[in-house]
2 protein chains.
Amino acid sequence: MSGMSENAVRKVRDQIEDALVSGEFAPNGRLDEVQLATRFGVSRTPVREALMQLSAIGMIELRPRRGAIVVAHGPAQIYEMFEVMAELEGLAGAHAARRLTDEDRNSISKAHDRCRAAAEAADLDGYYYENEAFHVAIYAATHSGFLAEQCGALHRRLRPFRRLQLRVPNRLKASFEEHDRVTTAIFSGDAEAAKARLRAHVIVQGDRFGDLVAAYEQARLRQAV
Amino acid sequence: MSGMSENAVRKVRDQIEDALVSGEFAPNGRLDEVQLATRFGVSRTPVREALMQLSAIGMIELRPRRGAIVVAHGPAQIYEMFEVMAELEGLAGAHAARRLTDEDRNSISKAHDRCRAAAEAADLDGYYYENEAFHVAIYAATHSGFLAEQCGALHRRLRPFRRLQLRVPNRLKASFEEHDRVTTAIFSGDAEAAKARLRAHVIVQGDRFGDLVAAYEQARLRQAV
DNA sequence: AATCCTCATCTTGTATACAAGAAGTCTGAT
DNA sequence: ATCAGACTTCTTGTATACAAGATGAGGATT
């Protein structure tokens, strides 16, 4: 059965990614090609392609002749990732504030409203999703295709950890309030303020860092069973 | 002939990359898999893997069922890329200034000296190479594996354009003088200065932008023949 | 004559076969 | 009994075979 529907490799990649995010594939664990192939009902070829894509994203490590292993991110690595993300998001915010069009304002505003609804309903999964849309709307407002692309890639890479962050008590409400300040800054055209607000929103500092590490460890322990 | 030496795909990838950088494969041109396979004396499999890696880096576009085409970067796209690079390099410089160890200082200093030698000898290719080493030394000095990785990836992606930049008259000497200011700032532990110097060094603004666009167009025209 | 449909060919996407390196195991020697 | 070396097996890396979508040409119809 060849050329089944359109892209088997994408499907395999997404499924592996989900398994990684959900923690089914534990850090430092080996990923066997034939095992994955039989599991997803495809041959080794698309599996290998998917693994290479995941390796390019940095979710797994591909050692030559040694196979693929799930990379283990310690607290320091997680902090580093959010630090870089904060820098890029800050740049995106500054650009968005300067280059905002009516459409941009509209889409950001809509996404912000949906975040508000999810936050008030204490809908964790809903907020997780709408939060992504909010940030993507800001990326689009930069009118820099490359910056938007880079931000999107990093955003995606940090997805599993962001999901953890939201589990911290009261983080959801605090996140929305930060969104509000970000939106205000961007809409007022204040590039410097937008940059600062977004950096502060994204970076994981002080208490938030400890909270995230704790949530991460807890998730790992839960998985270890 | 299978499993020849160690990694055929890497060799193929580098060769395709070289052909892209040198302009042999013109923008918007199609890359035929079997053609590349016969040219490099391998099968289609490693060629496909190499193409996917290049697609992940952004050097080519892989349209489903339509093959690979060389992406065409306009002046605006090039500017956007250097803008993002400048932001990340600035962050790297700030970290390097704060976290510099004796080894870091040594490796940066050594790389800087080699840049000086190449600049004084007006050795374009030599400077091109040593310049990379200089920047990589700074990435290492950040002691942030993720930031270093991101900077390295972007640096690599911008390689072809940086090569063009150096062709601009006097750019080599100016570049070295900027390196000198960057080095001073980092060695003095002044994070803010290091960030500013590196941003200024990397970003392509004003005259330099025009120069780069001109060099780029010239290279494209030369290739069109 | 122009346009649309069909068919042939070309190219990509997937599967399978094959070869070589790596890791673990078993045996023999000290 | 322990350690070292060779062998076996397992897994990755590469090649080739096969299938399906896409493109282009040619013919038929309006």
Side-chain angles (χ1 to χ4, degrees), chain A residues 1-20 24-72, chain B residues 1-20 24-72 153 156:
Chain A
M1 203 197 303
S2 172
M4 198 174 61
S5 67
E6 185 185 349
N7 44 358
V9 51
R10 180 176 300 257
K11 217 162 59 179
V12 170
R13 174 169 59 72
D14 288 349
Q15 286 186 273
I16 296 178
E17 195 176 322
D18 283 347
L20 286 170
E24 183 182 353
F25 297 157
N28 287 36
R30 265 192 69 222
L31 296 177
D32 188 81
E33 293 182 359
V34 296
Q35 209 169 311
L36 293 169
T38 54
R39 166 171 174 162
F40 298 126
V42 297
S43 84
R44 271 181 55 220
T45 308
V47 170
R48 282 179 60 81
E49 298 191 355
L51 287 178
M52 282 189 303
Q53 287 189 25
L54 290 171
S55 162
I57 300 175
M59 297 192 75
I60 65 175
E61 197 177 337
L62 229 53
R63 296 167 307 174
R65 292 270 179 202
R66 299 287 306 272
I69 59 168
V70 183
V71 297
Chain B
M1 204 197 307
S2 173
M4 197 174 60
S5 66
E6 185 185 348
N7 45 0
V9 50
R10 180 175 302 258
K11 217 161 61 180
V12 170
R13 172 169 59 71
D14 288 349
Q15 284 186 276
I16 296 178
E17 195 176 321
D18 283 346
L20 287 170
E24 181 182 352
F25 297 155
N28 288 34
R30 265 191 69 220
L31 296 177
D32 189 81
E33 293 182 359
V34 296
Q35 209 169 309
L36 293 169
T38 54
R39 165 171 176 165
F40 298 125
V42 296
S43 84
R44 270 181 56 221
T45 308
V47 170
R48 281 178 61 80
E49 298 192 355
L51 288 178
M52 282 190 301
Q53 286 189 25
L54 291 171
S55 163
I57 302 174
M59 298 193 73
I60 65 174
E61 197 177 340
L62 228 53
R63 296 168 306 175
R65 292 270 179 203
R66 300 285 306 273
I69 59 168
V70 183
V71 296
R156 178 170 182 176

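Proteins come first, then strands; the chains are lettered A, B, ... in the order of their sequence lines, and each starts at number 1.
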query = In whole angstroms, how far is the P atom of D/dA15 from the CZ atom of A/Arg48?
reply = 12 Å
task = Would you indicate whether the side-chain heavy atoms of A/Val71 and A/Met59 approach each other to under 4.5 Å?
result = no
ask   = Between atom CZ in B/Arg10 and atom C1' in D/dG13, what is the gap in whole Å?
value = 14 Å
message = Just the rounded figure in Å: distance from P of D/dG13 to CD of B/Glu49.
response = 8 Å
query = Any chance CZ of B/Arg10 has more than 12 other-residue heavy atoms, nucleotides or ligands included, within less than 6.0 Å?
reply = no
request  = Report the distance from atom CD1 of A/Ile69 to atom P of D/dT11, rounded to the nearest whole Å.
outcome  = 16 Å
key: Side chain of A/Arg66 (C-beta onward), nearest among C/dT12, C/dT14, C/dA23   = C/dA23
ask   = Just wondering, do A/Leu31 and A/Leu54 contact through their side chains at under 4.5 Å, heavy atoms?
value = no
task = Using side-chain hydrogen bond (donor to acceptor under 3.5 Å, both in side chains) as the criterion, list what pairs up with B/Gln53, not counting sequence neighbours.
result = B/Arg13
Nucleic acid contacts of residues 35-47 of chain A, taken as heavy-atom distances under 4.0 Å to DNA chain C = A/Val42, A/Ser43, A/Arg44, A/Thr45, A/Pro46
query = Closer than 4.0 Å, any side-chain N/O of B/Arg30 to the OP1 or OP2 of C/dT12?
reply = yes
message = Tell me the closest heavy-atom pair linking B/Ala72 and B/Asn28, and the distance in Å.
response = CB-OD1, 3.1 Å
request  = Rounded to the nearest angstrom, tell me the gap between atom CG in B/Leu62 and atom C1' in D/dG21.
outcome  = 16 Å
